[in-house]
Amino acid sequence: MVLITTILLLVVVTLLALAMLRGVGLETRIAGNVMDKQRALQAANSSEDYAEQWLVNNVTPGSGTVCSASTFSATASPAICSNTLGLSTDALSAATVPWTIGGAAVGYGYNPPSGAGNLFTTSGGPNSYAAAPTVYIAWLGSDQTNPNATDYQIDAWSYGGGTSTVAVVESTYQIIYTASGGGGP
């Protein structure tokens, strides 16, 4: 009787240990996915912040140009487009990445240098990104409430460690031009 009871208790303890081990593995995968999602979101936010600063430092009053894939392959800095992503991309949605117009990728790849290489390494491995973040700046025109202001739409996206994790962020940014100081922002 003692032998049968001991064997039953051993089976129950073994099943509990297996269930706990499986739960730990699942929680580890969940934590990894959350970390990857946060990395993608932070990279997208970083590239969006860069685009906003770039606008303040480089934009002059005027309009954008109609952008296509060749617009971005010919420049080493962001371009201001007169066509927004929602109206011109193949997918008709800024949430579908990579962004394409006419079947070719569009957007400025943001990957600043840092130390021995680029900030967003894309070489593979645990601390790597599937691709560098991408920024698309669209000129929305003069603001209706302030004649000295121009509105821009900034879309940015980034993958995490793999292409199954992606974050897309969008902002509307306004630059007000002043009459003093040469008419700059």
Side-chain angles (χ1 to χ4, degrees), residues 37-115 117-122 128-160 163 165-185:
K37 177 179 134 186
Q38 288 300 318
R39 286 178 62 219
L41 182 61
Q42 292 303 322
N45 281 332
S46 174
S47 58
E48 182 181 37
D49 290 345
Y50 166 78
E52 290 172 354
Q53 279 305 118
W54 183 87
L55 274 173
V56 168
N57 294 325
N58 294 294
V59 73
T60 57
S63 62
T65 60
V66 177
C67 291
S68 66
S70 62
T71 305
F72 297 99
S73 63
T75 181
S77 64
I80 300 174
C81 305
S82 60
N83 47 332
T84 62
L85 282 175
L87 298 176
S88 58
T89 57
D90 297 340
L92 295 179
S93 169
T96 304
V97 296
W99 300 319
T100 57
I101 297 176
V106 295
Y108 170 72
Y110 167 69
N111 200 357
S114 107
N118 286 331
L119 181 62
F120 301 103
T121 59
T122 58
S128 181
Y129 292 81
T134 302
V135 175
Y136 189 93
I137 303 171
W139 176 74
L140 298 178
S142 298
D143 188 72
Q144 299 300 317
T145 60
N146 186 345
N148 295 330
T150 303
D151 295 334
Y152 299 90
Q153 178 177 308
I154 301 172
D155 296 285
W157 68 272
S158 178
Y159 288 121
T163 57
T165 305
V166 65
V168 177
V169 293
E170 181 180 82
S171 67
T172 302
Y173 198 74
Q174 182 180 75
I175 296 180
I176 300 173
Y177 297 94
T178 60
S180 64

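We're numbering straight along the sequence, starting at 1.
- Applying the side chain to side chain donor-acceptor pair (under 3.5 Å) test to Y110 and every residue at least two apart in sequence or in another chain returns nothing.
- Here the closest heavy-atom approach between residue S47 and residue A156 is recorded as OG-CB, 3.4 Å.
- Distance check: T172 OG1 to D155 CG gives 8.5 Å after rounding to the nearest 0.5 Å.
- At least one side-chain heavy atom of I80 sits under 4.5 Å from a side-chain heavy atom of W54.
- Between the OG1 atom in T84 and the CD1 atom in I137 there is a gap of 14.0 Å [rounded to 0.5 Å].
- Across every non-hydrogen atom of A43 and S158, the tightest pair is CB-OG, 3.3 Å.
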* Give the C-alpha distance, both sets of side-chain angles, the deciding distance and a yes or no for side-chain contact (heavy atoms from CB on, under 4.5 Å) between F72 and W99. => CA-CA 12 Å; F72 297 99; W99 300 319; over 6 Å; no

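- The two atoms that bring P98 and Y159 nearest to each other are CD-OH, 3.7 Å, heavy atoms only.
- The aromatic rings of F120 and Y129 sit perpendicular to each other, their planes meeting at more than 60°, with 30° as the lower class boundary.
- Distance check: L85 CG to W157 CH2 gives 11.5 Å after rounding to the nearest 0.5 Å.
- Formation of a donor-acceptor pair under 3.5 Å by the N83 side chain with backbone atoms of V66 is not found in this model.
- Taking CD1 of I176 as the start and CG of N146 as the end, the distance is 5.0 Å to the nearest 0.5 Å.
- Here the closest heavy-atom approach between residue T150 and residue W139 is recorded as CG2-NE1, 3.2 Å.
- Taking the side chain to side chain donor-acceptor pair (under 3.5 Å) definition, one finds that Q174 meets it with D143, D151, sequence neighbours left out.
- The two residues T165 and A40 make their nearest non-hydrogen contact at CG2-CB, 4.2 Å.
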* Asked: Yes or no on side-chain contact (heavy atoms from CB on, under 4.5 Å) for V135 and I154, after CA distance, side-chain angles and deciding distance?
  -> CA-CA 7 Å; V135 175; I154 301 172; 4.2 Å; yes

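- With sequence neighbours left out, the side chain to side chain donor-acceptor pair (under 3.5 Å) criterion links S171 to E48, E52.
- Residues Y173 and V56 form a side-chain contact, since some pair of their non-hydrogen atoms from C-beta on lies under 4.5 Å apart.
- The OG atom of S82 lies 10.5 Å from the CG atom of L140; values are rounded to the nearest 0.5 Å.
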